[in-house]
Amino acid sequence: MPKTLPLDQRPPLMRLDGVDKTFGTVTALQGMSVQVNQGDFISLLGPSGCGKSTVLRLISGLMRPTSGRLTWVDPPKRNDLGVVFQEPTLMPWATVAQNVWLPFRLQGKTYVEVRDDILEALRLVGLDKFQTSYPRELSGGMKMRVSIARAMVTRPKLILMDEPFAALDEITRFKLNNDLLALKEKIGCTVIFVTHSVFESVFLSDRILVMAARPGRVIEELQVDAPYPRDDVFRTSSEYAGFTRKASDALHTAMEEAA
Amino acid sequence: MSIAENAPETVIEDAEEKARRKSMQIEKAAKWLLPVVALGAGLGLWEFIVWWNDIPHYILPGPTLVLTTLVQDWVMLFQALLITLQITLMALAVAVIGGVGLAVLFNQSRWIEMSFYPYAVILQVTPVIAIAPLIFIYIDSRIAGLLLCAWIVAFFPILANTTLGLNSADHNLRDLFRIYGATRWQKLRYLQLPSALPYFLGGLRIAGGLSLIGAVVAEYVAGTGGLQSGLAFRILEAGYRLNIPRMFAALILIAATGVIIFVGLSFLSHMLLRKWHESALKRDG
Ligand SMILES: Nc1ncnc2c1ncn2[C@@H]1O[C@H](COP(=O)(O)OP(=O)(O)OP(=O)(O)O)[C@@H](O)[C@H]1O
Ligand SMILES: [Mg+2]
């Protein structure tokens with residue numbers, strides 16, 4: 001099982017140097033510089049419109065920066081990247097297993113070839129009994145699990161998640177947060193996670209980039225120096241409360257700067 | 001998750017639910033019964049009016065006479081029905097191939113779309129009855145002419161709907177396909193075509209009715225055809241001979257054909273979509 005190294009010993013994965021992105025007259029992102037290390041769980045925390053999704057779209061290669069550079073230690077190949085959107089984004093005409101098959105299928109792999117990987121991914125998100133169900137037969141939380149299974153089925157190096165749990169109720173969200181950490185530990189990937197929620201970002205990540213809007217930029221980086229695995233005990237600890245206060249203060253500063 | 005699933009199924013039905021179920025059953029029966037009753041009443045009234053006013057059969061035959069004619073002329077009318085049906089189904093098949101083919105072509109190349117879409121529209125908005133005489137001047141084969149006419153009427157809804165469907169794939173899914181480096185063909189095959197299926201089937205249902213209309217209209221224009229004549233020609237012919245009962249009998253066959261085509265395509269659509277598409281889902285309450 002890949003063990004996550006301490007924060008200051010992790011080898012680099014990729015970096016952004018002075019990345020700007022403008023849409024017409026709107027500066028969605030200004031001067032973003034950050035180094036992403038292998039095994040990081042980075043949260044992008046900030047108010048609406050501060051460019052969080054833009055960062056993910058830049059990293060996933062769906063957009064190019066207006067200026068600045070993205071550099072990878074190893075240029076990512078097709079399946080080095082997994083993505084989870086705010087909506088589950090499943091193909092409604094395909095079963096759960098066929099949905100999880102997608103990344104492999106697009107590589108030209110037959111179902112039989114990768115069936116074990118698919119079943120393993122579904123088992124990890126607790127949905128192995130629902131292989132043949134259609135997305136419409138699942139609850140919102142279960143659909144999200146399928147989406148996560150699809151993102152990790154190829155064992156990517158980096159998973160990008162854009163407010164994946166925003167539409168879920170708190171209980172489901174806590175459960176999925178716990179599961180996500182367990183999954184990350186298991187496959188030893190790096191995660192960049194967008195959220196509006198201070199609590200979620202502190203619980204999940206070891207690095208939080210607090211962002212402000214107009215123009216979108218990073219105003220502070222916080223480190224959550226609490227060991228994994230984290231569980232419900234951590235969620236109720238005073239340590240956790242302390243981190244959330246810090247993150248919350250930083251977020252307030254971010255909002256004031258934008259105002 | 002598992003808590004709710006394992007809960008025992010309790011069957012508690014209160015008065016309100018009972019009443020609702022009952023009203024649903026009544027509605028279900030009424031959906032079939034009412035049209036049948038209305039039809040019966042209409043036919044009865046028709047028969048009565050004909051008999052009461054002593055209307056001669058070459059002006060307005062009663063429904064019983066129409067029915068006996070239908071039985072008497074069955075061999076000839078059925079032969080004609082087969083011809084019409086053949087043209088209709090062939091035109092529908094060509095419309096599906098042409099409509100979907102063009103939609104995919106337009107979708108893959110904006111240049112081709114820009115060049116030809118306007119002409120597809122022109123073909124659609126020009127009444128086929130106005131084009132048909134020209135077609136029969138230039139095309140010798142009667143069957144080919146009929147087919148072409150029916151196709152002109154039927155292909156557009158398929159083209160338009162499929163085009164809409166191909167462009168309606170979910171944006172996040174498109175992004176996902178891009179991130180995973182999908183080829184154009186993979187995107188078409190695994191994303192766009194399935195997204196377009198419900199739209200295509202909607203177009204197909206319209207096209208089914210239109211190809212029958214196209215086949216009938218074209219036959220009116222084509223005129224005499226000897227052995228190869230379909231129902232439309234039989235109607236014309238019966239009209240010349242003032243054989244009004246036969247006109248009605250042929251009309252009934254055409255209407256029935258249209259209904260069967262519609263029902264068949266609706267069924268096909270339901271079977272293809274029932275697992276996943278909103279339009280085919282049954283909802284409680
Ligand atoms: N394709 C686009 N065209 C024009 N403007 C855009 C586009 N994408 C984003 N923007 C603008 O860039 C800014 C940042 O957008 P982005 O979606 O990255 O914000 P966000 O932090 O993800 O917000 P939210 O939390 O609401 O999702 C916004 O002002 C938005 O209006
Ligand atoms: Mg966003």
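Each chain gets a letter, A, B and so on, in the order its sequence line appears, and its residues count up from 1. Because only heavy atoms are used, hydrogens play no part in the values below, and waters and symmetry mates are left out as well, while side chains stay in.
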Q: Name the member of Val83(A), Leu90(A), Thr95(A) that forms the most heavy-atom pairs with chain B at distances under 4.5 Å.
A: Val83(A)
**Q.** Per-residue contact mode, Arg105(A) against chain B (heavy atom under 4.5 angstrom)
**A.** both
Q: Nearest 0.5 Å please: distance from the CD atom of Gln186(B) over to the CG atom of Leu102(A).
A: 9.0 Å
Q: Could you tell me whether Tyr111(A) atom OH has more than 12 heavy atoms of other residues or ligands within 6.0 Å of it?
A: yes
Q) Side chain of Arg136(A), backbone of Lys275(B): donor and acceptor closer than 3.5 Å? A) yes
Q | For chain A, which residues of residues 157-183 of chain B have heavy atoms nearer than 4.5 angstrom | A | Asp170(B), Asn172(B), Leu173(B), Asp175(B), Leu176(B), Phe177(B), Arg178(B), Ile179(B), Tyr180(B), Gly181(B), Ala182(B)
Q. Can you tell if the side chain of Trp93(A) reaches within under 4.5 Å of the side chain of Leu191(B), non-hydrogen atoms only?
A. yes
**Q.** Ile122(B), CD1 atom: more than 12 neighbouring heavy atoms under 6.0 Å
**A.** yes
Q: Supply the atom-to-atom distance Tyr190(B) OH to Met91(A) CE, rounded to the nearest 0.5 angstrom.
A: 10.0 Å
Q: State whether the number of non-hydrogen atoms from other residues, nucleotides or ligands found under 6.0 Å of Met24(B) atom CE is greater than 12.
A: no
